[in-house]
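Sequential numbering from 1 along the given sequence is applied to the chain's residues. The figures here come from the full heavy-atom set of this structure, side chains too, leaving out hydrogens, waters and symmetry mates. Here the structure is a predicted model, which is why all the values come from computation and not from measurement. Ligands are counted one by one from 1 in listed order, and the atoms in each one are counted from 1 as well.
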Amino acid sequence: MTSVKSSNLGYPRIGEKREWKKALEQFWVGKLGKEVFLKRIKEIYLGHLQKQKDEGIDLIPVGDFSLYDHVLDTAVMFGLVPERFEYDGGKVPLETYFDIARGTKGAVAAEMTKWFNTNYHYIVPELDGVVPTLVENRPLHFYKEAKQKLNIEGKPVILGPVTFVKLSKGYNKSDFKKVVEQFVPLYASILRELQNEGVEWVQVDEPILSTTLSKEEVAIFNDVYQALHEAAPNIKVILQTYFDSIEHYEDVIKLPVQGIGLDLVHDHGQNLTALKTHGFPEDKVLAAGIIDGRNIWRANLGEKLGTLTEISEIVSKDRLIVQPSSSLLHVPVTVKTEEKLDETLKRALSFANEKLQEVGTLTKGLQDGHKAIQEEIKSSTVAIQKLNQSPLRNNTQVQGAIQNLSEYKAKRDSPYEIRKGSQEKEFQLPLLPTTTIGSFPQTSEVRKTRLTWRRGELTDEQYQEYIKVEIKKWIAIQEEIGLDVFVHGEFERTDMVEYFGEKLAGFQFTKFGWVQSYGSRCVKPPIIFGDVSYKEPMTVEETVYAQSLTDKPVKGMLTGPITIVNWSFARDDLSLSDIANQIALALRKEVEALERNGIRMVQVDEPALREGLPLKREQWSSYLDAAVYAFKLTTSSVQDDTQIHTHMCYSDFEDIIEAIKALDADVISIETSRSHGELIQAFEKNTYDNSIGLGVYDIHSPRVPQLEELTRNIDRALQVLDPKLFWINPDCGLKTRGIEETIASLKVMVEAAKLARENLLVNKG
Ligand code: GLN
Ligand code: ZN
């Protein structure tokens, strides 16, 4: 019998209307009691399972659901509670779980970082000082629950031991293997208990296999999975990879597991090539990730079925599972609720629920042949064709420009040494100039006013007037604080990408297209669906108004092209660099408009440059080249004495320092406060010849920094950086901070700058 199976790897937690988020946040502020909260959460979760069952998915994931993060879930399952939190062993209480994630008065929250190359953040497990023990078999619990409540024979999802340890901190990297080995017996117990319960399939996620690994690291997999197989020989383990191709294909397919899950969408074609070149073992199942789990476009079902059919010549149908390329955590829940979207776009979209339908359709098609799903294939082809024919995807002017990019200058007229001279004359700034990163506190009043305006209860003029009042207030505050370079404060922006997306052609916005970013925090990425082009000035009015109120220079403030792409759902019919360059050409017009209107400093933020780095090192340079080019295309048409700033907010940037230099911004500001020492070290090893501002205090906490602390940070930086090139600024935008603490902190910063200047003069004299 040939029976193709359908499967899913994970379902969005947040709910159609973010019910999950709301329940969590109400619980945290005490508006929901624990019992009611847990009950509500359970309803939401069981609803998700039921949905997948209704869609006819054969292997429904259980245990992928979370109250915060699946990496944290895994850590607490092993009793890994950092020492600064109270814990006496046993199952980790819910309160402790949230404390680790969110911090308490006495203990800082665990660090959070990006989940591979996505915009999802996980909680970094801390392995130091605690011995892992299995305090609760979480997958078993979820398996039983699905079976009892919904009669679902679930597929437990577990984050695999090698990836788990790799993502953790608090151990010596040279002990990696030993640390992994500590976890093997615990995973063995989990699997053994699952086996005893009658579980057939388990999905063990090892996305680390899609990154660059050494032969030795791959060898660890063999030992680990051999041990797990011996512990639970009857259970079928699907070793699941995603987000890219697996590098050591031939080794991986030999691992002692019963199935391998491959990403056939984000693999640059390499998984399929490997399959064709090296074949696939006859005793294993192939879980084919054919539907894009990370982007929102409807699949071309005809093409997809073609690929699956090709694969079925290598792997027989009874050993094939059809599934999304990754968990659907990274896409919104359903297109259905989008009532106001442009019809052409809407028909070409597919969110989690629609993707499950696509998986079902392809499963049927592979099983029963092309004819069986003819209608669906046709409808997907038509939808995609219509989208491709839509005028917004056929802007000949934009496309022409992209074809003739060499006509656009992507290099400043003069080298930095010369520009620096002209800029010094232009701005007459003191040594160690002080500035901020762009945004000032977005108080609830600012947000409320924007909402009222969006609802139509304020006219455009009234809203703009309100924004101007805020700008004026903050120009006065900046005068009083004594900063050297001002900003207008970004009060008109909810979000640094959305704001520009709404003003450029080629973007669309959903109503409920949220995805989880971290914890209960969700983002609603804009959709880049057409050719991007400039319509009208986007920031000139606010910036020029701010500049009219002061003699100090006001920086124009734009979001850079790579950040806009990385924080959006981008069209998948164009390359990343084409999309980024379209945006760059549009932003370039804004830079020019600012310059023409007397704004002589322009900051182009690229906080998402690093997170877009491909998982494989060999692809880094082509990505970074594209990012650098798009930035330079945005910023290079200005005069020598117009000063280009950029800002990035992460500290471990050694990997990309060459790219940062290549941006050739006149001034860069970088977040550093949380690991000041490390960043300074990076500058001991590398040189940076343009001006640089290292964040001298951490804006992520409401605390007002002490003068001594800032002085220390500045002194340390000046040991490795040239004082003539050094700027003093907080480490990121201040939009999440309160007004009073912001003013107080900036005053301390200005004071510290003054002291540092005096010291420099004394030492010189
Ligand atoms: N200019 C932005 C701000 O200050 C930069 C934000 C960021 O780096 N993420 O808010
Ligand atoms: Zn930042």
Fill in: Sub-4.0 Å atoms of ligand 1 with respect to non-hydrogen atoms of M557
1 (N)
Worksheet, complete the sentence: Within the 4.0 Å heavy-atom cut-off, what M648 brings close to ligand 1 is neither
Practice prompt. Would you mind checking if R703 and E709 are paired as a salt bridge, meaning a charged N to carboxylate O distance below 4.0 Å?
Written response: yes
Worksheet item: Hey, are Q603 and D605 close enough side-chain-wise for a donor-acceptor pair under 3.5 Å?
Response: yes
Worksheet item: Rounded to 10°, how many degrees is the angle NE2/H647-the Zn ion (ligand 2)-SG/C732?
Response: 120°
Item to complete: Examine the proximity of ligand 1 to S439 and report which part, side chain or backbone, both or neither, has a heavy atom under 4.0 Å away.
Response: both
Worksheet entry | Per-atom contacts, ligand 1 versus G733 - under 4.0 Å to a heavy atom | 3 (C), 4 (O), 10 (O)
Discussion item. Show me which atoms of ligand 1 lie under 4.0 Å from any heavy atom of G438.
Written reply: 4 (O)
Item to complete: Measure the distances from the heavy atoms of K735 to every atom of ligand 1 and state whether one is below 4.0 angstrom.
Response: no
Worksheet item: Think R18 forms a cation-pi with W514, using NZ or CZ under 6.0 Å from the six-ring centre and within 45 degrees of its axis?
Response: yes
Fill in: Aromatic ring proximity, centroids under 6.0 angstrom, Y120 and H70
yes
Worksheet item: I437 heavy atoms, cut-off 4.0 Å: which ligand 1 atoms fall inside?
Response: 1 (N), 4 (O)
Worksheet entry | Closest to atom 1 (N) of ligand 1 (judged by heavy-atom distance), picking from V604, D605, T736 | D605
Worksheet entry | Under 3.5 Å: N/O of L734 near N/O of ligand 1 | no
Discussion item. If we count only N and O atoms by modelled type, under 3.5 Å, do the side chains of Y408 and S636 hold a donor and an acceptor together?
Written reply: no
Item to complete: Please indicate whether any nitrogen or oxygen in Q603 is less than 3.5 Å from any nitrogen or oxygen in ligand 1.
Response: no
Discussion item. Taking the six-membered ring for Trp, are F243 and H330 closer than 6.0 Å centroid to centroid?
Written reply: yes
Response to the item:
If we number the atoms of ligand 1 from 1 as shown, the ones under 4.0 Å from a heavy atom of C732 are 7 (C), 8 (O)
Worksheet item: Counting each atom of ligand 1 from 1 as listed, which ones have a heavy atom of C649 under 4.0 Å away?
Response: 7 (C), 8 (O), 9 (N)
Worksheet entry | Centroid-centroid under 6.0 Å between W727 and H645 rings | yes
Worksheet entry | Ionic contact status for K21 with E25, cut-off 4.0 Å | yes
Worksheet entry | D664 and R419 ion-paired at < 4.0 Å | yes
Practice prompt. May I ask you to identify, for M496, whether its side chain, its backbone, both or neither come under 4.0 Å of ligand 1 on a heavy-atom basis?
Written response: side chain
